[in-house]
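Input: a single structure, listed below in structure tokens.
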Amino acid sequence: MEENVGRGRHGKPSNANASARRELAANRPAKRGRSKQQGPIPARGTHDAEAGGSRTRTRSRLGQAQNAAEDDDFDADQFLNQDAEYGEPEEPQPDEPQIEEPQQPPRRRPQQRPQQPRRDAANEGYGGGPSDMSLLTQYGNHRAVPIWDAEPDDHEVLKRTLRCQASGKKVMDIVKPPRSERWFWDPIEASGLEPLTRVNFSVLDYGVIWAFVERWHPETSTFHLPLGELGITLDDVQCLLHLPIQGKFLNHTKMSRGEGADMVSSYLGVVREDIDKAFAETNGVHLKHTTLQTLYTTNQTSAERAIAENKPAHVVSLYRERSVRAFMLHLVCCTIFSNKSSYYADVVYLQYFQDLSCVHEWNWGAAALVHLQHYLDHGSAVSTTQMAGYMSFLQGWIIAHFPRLSVWVEAPRYTANMPLNSKVVPGQGHKDAAGYRSSLDNIQTYDCVFSPYDAHRQVRPLINACWFSGWLRCGKLKAKHLPERVLRQFQHVQGIPRNPSMSATPGMNLCEIDRVFTEELELRMIDEEMRGRPVTSPWDTEPGYMSWFYRVSHPVMRPVEAPESPPRPPNLEVLIEAAEARNDPNLMQVCRSVKVEVERAVRGGEAVEGTPIHGTLQRILNLLNPILAYRRIKRGKGTRYHTRG
């Protein structure tokens, strides 16, 4: 056999050197995605990785190539092309100089993506924290990672914003009957949903919302700030929105188009043909917001016409109930169930308005919190571009706890018995998350109001449900409620909390979540021992909490861009101001006064030498003398201390 002929496959010789390989490639039919002018085909491993294939398959092919001598079904051309990836130096051919160019295959570059250091960082910690990965186990996918790593001029990362979907203004714009129309307002108020008509904002400060989304961590369901953790609790829901936080969790499941059509026909009075058309337009079991608004107004008009025509009372009542149901569905889907579409409502929620006298039995406050946390979990991921949920509620929470951070004014018609969300009217702000990010990185304790509801307790007292620790749920969504992580919001000193999995057991099914909240609420409450002692200052923490928090968290979003001395503790200015207001005595002056008094007592014979009290006084003098002597020495050397007295 000739030297340039290798093994054959089905009687066809395979060439083994470079010249024969080119001749074989020239005579062979072109394969998909390959061209003679492209030179040697890159290794299959590279191609598979780019196409989403497995590198294991590549290794198995190479393994088959090593055993080719024992396998008659062997593709020599494939093996040679793979071998060419590591090709030996070849002499250039004068007749085909273009063949030498592919010695630098560009397709191998994707294999060199620098992702391994990121994987090592996940094991060893990240710049700016966390250094201990026991708490934020999914931090590698968090949007805070690229923000910390970005260069100061990387505006694509630092100026990136989320597209927020909010529909609360639609509730404000819809025309409602006067309060004297009790046929409308009585069922609305009895349902517990009436506050949703007055707690929405027409303008939102999206910049500050984005800045807080960046600090949300799904593992703890809290915002992580330089001050520690803060969260949105059931107490926030009841005070800001006045929604009920007790009762049954909403338990709906996915609804078919047929079931949805039957429900819309029965409870809203829409003909089947129009329902099918509406579902087709929204590509699901949905109704447009404009459709609900039309049903709301047309049923009112039909009721008025029925009254004018002296039709039976049950006919008038039928039209009015349909109008109320359409309004309630529109109300909850523009507020607590606001989704990313921003133009349609999910028909599945209509089932809770079948019997208008039973709407109050459901836990609407928990539903609002679960939906908002669901979108916060989603929005904190690095790949997310949109944010939804009840944006007016989130904006109100930020204003309540950080009143100095954004622009807002007091609502002129607010009264003390109204929800606190209706007390403020936010401004538009500058929509720049970077500015708010810097403000939060440098926040001080006096910028945060940990417990803003003290003056509202006569309207909404702190009930047992606020102390519940565990899972909340709405339909198939579930969210953690962990008040032990934010004890300062309940005016208790914050200590190192237990692991979230001890409160919200991973893998707990929905039926068990319902049972625990309804039957074991008191057993799952944070008891007096776990609450600890009340705060003296609103920011009080147990010793070791802040050092632990900075070890397991990422409290600052951006590194310091210029070298400087470490910042003062966030509460130092507050402590100084408080000390000055109390007129605290100078410590050295106190020591001198104690020494003078003890020496007077000893000289005056108030303590007889040899008695225990005389020995105690002498020990006090022995402790004070070195301190005062050191003070005189330091002052003699010119050292100045910032003390009064």
Side-chain angles (χ1 to χ4, degrees), residues 164-176 184 187-188 191-197 199-202 241 243 250-272 274-300 321-356 359 362 364-365 367-372 374-375 378 386-393 474-477:
C164 291
Q165 302 291 352
S167 302
K169 190 175 184 298
K170 297 178 181 179
V171 177
M172 303 175 66
D173 293 341
I174 192 171
V175 179
K176 308 169 190 66
F184 178 81
I188 298 293
S191 69
L193 298 174
E194 186 274 339
L196 292 177
T197 64
V199 293
N200 302 292
F201 303 139
S202 58
L241 304 181
L243 290 179
L250 278 66
N251 56 10
H252 54 273
T253 57
K254 187 176 181 180
M255 181 178 289
S256 67
R257 292 199 180 192
E259 294 171 334
D262 292 340
M263 189 171 294
V264 173
S265 176
S266 300
Y267 298 107
L268 296 180
V270 184
V271 298
R272 192 62 179 255
D274 292 342
I275 298 172
D276 294 338
K277 181 179 179 181
F279 287 178
E281 289 177 350
T282 58
N283 195 29
V285 191
H286 318 298
L287 293 176
K288 291 182 179 179
H289 291 162
T290 54
T291 301
L292 288 175
Q293 293 171 5
T294 302
L295 291 172
Y296 161 67
T297 55
T298 54
N299 278 288
Q300 283 190 58
E321 288 180 357
R322 289 173 177 175
S323 178
V324 171
R325 290 192 188 100
F327 179 82
M328 284 186 173
L329 182 59
H330 181 263
L331 178 65
V332 297
C333 289
C334 287
T335 54
I336 59 180
F337 300 135
S338 179
N339 54 39
K340 291 184 178 180
S341 73
S342 76
Y343 77 94
Y344 68 68
D346 291 310
V347 173
V348 69
Y349 302 115
L350 182 58
Q351 61 186 288
Y352 299 107
F353 309 123
Q354 296 180 28
D355 187 349
L356 295 177
V359 179
W362 301 100
W364 297 103
L369 186 56
V370 169
H371 263 260
L372 179 58
H374 165 72
Y375 283 111
H378 184 68
Q386 278 186 304
M387 176 66 188
Y390 197 0
M391 293 290 98
S392 293
F393 175 34
C474 175
K476 290 188 176 181
L477 299 179

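Heavy atoms only: backbone and side chains are in, while hydrogens, waters and symmetry mates are out.
Aromatic ring pairs are classed by plane angle as parallel below 30°, tilted from 30° to 60° and perpendicular above 60°; the pair Tyr375 and His371 is tilted. Using a 30° and 60° split on the angle between ring planes, Phe337 and Tyr349 fall in the parallel class, below 30°. Taking the six-membered ring for Trp and thresholds of 30 and 60 degrees, His330 and His289 have ring planes more than 60 degrees apart, a perpendicular arrangement. Note on ring orientation: taking the six-membered ring where Trp is involved, the planes of Phe353 and Trp364 are parallel (angle under 30°, cut-offs 30° and 60°).
Annotation: side chain of Asn299 is not in contact with side chain of Phe327 (no heavy-atom distance under 4.5 Å). Between Asn200 and Lys169 the shortest side-chain heavy-atom distance does not fall below 4.5 Å. No side-chain heavy atom of Glu281 sits under 4.5 Å from any side-chain heavy atom of Tyr344. Annotation: side chain of Thr282 is not in contact with side chain of Leu287 (no heavy-atom distance under 4.5 Å). No side-chain heavy atom of Val359 sits less than 4.5 Å from a side-chain heavy atom of Tyr352.
A donor-acceptor pair under 3.5 Å links the side-chain atoms of Ser256 to the main chain of Glu259, judged by distance alone. Using modelled atom types, one side-chain atom of Ser392 and one backbone atom of Phe201 make a donor-acceptor pair closer than 3.5 Å. A distance-only check finds a donor-acceptor pair linking the side chain of Thr297 to the backbone of Thr294 [under 3.5 Å]. Judged by distance alone, the side chain of Ser265 and the main-chain N or O of Val271 form no donor-acceptor pair under 3.5 Å.
A pairwise comparison of heavy atoms in Ser202 and Met172 identifies N-SD, 3.6 Å as the closest pair. Contact record, Ala326 with Leu295: CB-CB, 4.1 Å, taken as the closest heavy-atom pair.
Of the residues listed (Val171, Leu193, Asp346, Leu350), the one engaging Val332 in a side chain to side chain contact (heavy atoms under 4.5 Å, CB included) is Leu193, and it is the only one.
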